[in-house]
Amino acid sequence: TGAGTTYCVTASVATVSYKIDSSTASTTPVQGVCSGHTADGYVVNLATNPSFESGTTGWPGAQASVSQSAVWAANGTSSIKITPTSGASTDSFTSIGCSTCLVGLSVGSTYTFSGTINIPTPQTGTLDSRARTIVAYSWIGASASLLGQSTATPNTTGSTRKSVTFTIPASTDGVQIRLYNGATTVADNSVYWDSVMLTQGSTGYSFADGNSPGWVWNGIANNATSTGPPL
């Protein structure tokens, strides 16, 4: 640290990394990387608040109310519950990013976003074509373009892991990734999403964040990016 009172060292052998952190008062290396470090073979989950343990921070709703829920969780103790608020529009979702921001992404690069959706009861009424999917959009000026959309989750009770891979075009001003509900208020059409992961490249990884074995938070726990080995 700047004060020179603590340190953390990361060392790698092939694609396996180890660390010694003076704050643990142990001189025995353990597998993993120090917070803020990267290593060959390790993965960075660019999603902050990926398991919604920090409430709904960074995840606003559109045509929907969003709330932290302990009713169901794929990992940890919480998920985000999305409940439609419109009786007419099916464009109901929560999202990260915006039309004028790149949420830490790079133009020209490819990314994969995944998340787990839980459907407590089948949705009814008119449903959006994007219902129960993950959708990525980009903006160049005022023009929006579809970057990618996951396949639709079957409208049946249960949990499913979904993912979408996309490449950010040149001159992009902003990217938004949406977790869709896609229903109206004709009934309690709520769905839950949890365990989101945003990684560079086209590989789909099993969910991991700073609470996973060998992983660390690159900042405040449950509210930062995280790094670790593929699980």
Side-chain angles (χ1 to χ4, degrees), residues 45-98 103 112-128 130-136 149-164 176-199 204-213 215 217 219-226 231:
N45 185 351
L46 296 168
T48 58
N49 193 16
S51 193
F52 304 104
E53 303 302 305
S54 292
T56 60
T57 300
W59 292 89
Q63 308 290 346
S65 64
V66 295
S67 59
Q68 184 187 46
S69 175
V71 171
W72 169 85
N75 288 275
T77 60
S78 301
S79 61
I80 190 168
K81 180 181 181 181
I82 309 173
T83 304
T85 56
S86 172
S89 175
T90 60
D91 195 21
S92 51
F93 59 87
T94 185
S95 65
I96 55 171
C98 65
V103 292
T112 298
F113 188 97
S114 59
T116 301
I117 183 174
N118 175 267
I119 304 171
T121 57
Q123 294 180 310
T124 60
T126 302
L127 301 178
D128 199 278
R130 296 161 292 185
R132 308 177 308 281
T133 67
I134 302 172
V135 184
Q149 179 175 330
S150 72
T151 57
T153 305
N155 191 20
T156 56
T157 301
S159 303
T160 308
R161 188 79 178 165
K162 308 302 295 183
S163 67
V164 60
Q176 186 183 63
I177 302 170
R178 301 176 179 180
L179 301 177
Y180 260 89
N181 178 297
T184 66
T185 57
V186 67
D188 184 5
N189 281 321
S190 299
V191 300
Y192 302 85
W193 283 92
D194 194 22
S195 305
V196 299
M197 196 166 190
L198 175 60
T199 55
Y205 298 100
S206 297
F207 173 75
D209 64 12
N211 295 325
S212 302
W215 280 65
W217 293 105
I220 299 173
N222 299 307
N223 201 20
T225 63
S226 49
L231 299 180

**Student:** Testing Thr116, Thr133, Ile117, Leu179 one by one against Lys162 for a side-chain contact (heavy atoms from CB on, under 4.5 Å), which residue passes?
**Tutor:** Ile117

**Student:** Do you know which two heavy atoms are closest between Ile119 and Thr153, and how far apart they sit?
**Tutor:** CD1-CG2, 3.9 Å

**Student:** Applying ring-ring contact (aromatic ring centres under 6.0 Å, His included), name anything that partners Trp59, two or more places apart in sequence or on another chain.
**Tutor:** Phe52

**Student:** For Ser86, enumerate each residue passing the side-chain contact (heavy atoms from CB on, under 4.5 Å) test, keeping only those at least two apart in sequence or located in another chain.
**Tutor:** Gln63, Ala88, Ser89

**Student:** Mind listing the closest non-hydrogen atom pair of Ala187 and Thr124 along with its distance?
**Tutor:** CB-OG1, 3.4 Å

**Student:** Check for a donor-acceptor pair, side chain of Ser95 on one end and backbone N or O of Ile177 on the other, with a separation under 3.5 Å.
**Tutor:** no

**Student:** Between Ser92 and Gly182, is there a donor-acceptor pair closer than 3.5 Å when you use the side chain of the first and the backbone of the second?
**Tutor:** yes

**Student:** Sequence neighbours excluded, which residues qualify as side-chain contact (heavy atoms from CB on, under 4.5 Å) partners of Pro122?
**Tutor:** Asn155, Thr157

**Student:** According to the side chain to side chain donor-acceptor pair (under 3.5 Å) rule, which pairs have a member within residues 188-199, sequence neighbours left out?
**Tutor:** Ser51-Asp194, Asn75-Ser195, Thr83-Ser190, Asp188-Ser190

**Student:** Using modelled atom types and a 3.5 Å cut-off, is there a donor and acceptor pairing between side-chain atoms of Thr48 and backbone atoms of Ala224?
**Tutor:** no

**Student:** Quick one: ring pair (Phe, Tyr, Trp, His ring centres under 6.0 Å) pairs with a partner in residues 64-97, sequence neighbours left out?
**Tutor:** Phe93-Tyr180

**Student:** Checking Ser54 side chain against Asn49 main chain: does a donor-acceptor pair fall under 3.5 Å?
**Tutor:** no

**Student:** Measure the spacing between CZ of Arg132 and OG1 of Thr151 and express it to the nearest 0.5 Å.
**Tutor:** 10.5 Å

**Student:** Can you confirm whether Leu231 is buried at CG, in the sense that more than 12 heavy atoms of other residues, nucleotides or ligands lie under 6.0 Å from that atom?
**Tutor:** yes

**Student:** To check you understand the geometry: which heavy-atom pair defines the closest contact between Ser226 and Ala208, and what is its length?
**Tutor:** OG-O, 4.4 Å

**Student:** Between Ala131 and Leu127, what is the shortest heavy-atom contact and its length?
**Tutor:** CB-CB, 4.4 Å

**Student:** Kindly compute the distance separating CD1 (Ile96) from CG (Leu46), expressed to the nearest 0.5 Å.
**Tutor:** 9.0 Å

**Student:** What's the spacing between Ile134 CD1 and Arg178 CZ if we round to 0.5 Å?
**Tutor:** 13.5 Å

**Student:** By side-chain contact (heavy atoms from CB on, under 4.5 Å), which residues pair with Thr77, not counting sequence neighbours?
**Tutor:** Glu53

**Student:** Kindly give the heavy-atom pair with the smallest separation between Asn45 and Met197, and that separation in Å.
**Tutor:** OD1-CA, 3.4 Å

**Student:** Do Trp217 and Asp209 have a side chain donor and acceptor closer than 3.5 Å?
**Tutor:** no

**Student:** Testing the 3.5 Å rule here: is there a donor-acceptor pair between the side chains of Asn118 and Ser159?
**Tutor:** yes

**Student:** Which heavy atom of Ile82 sits nearest to which heavy atom of Val66, and what is that distance?
**Tutor:** CG1-CG1, 4.4 Å

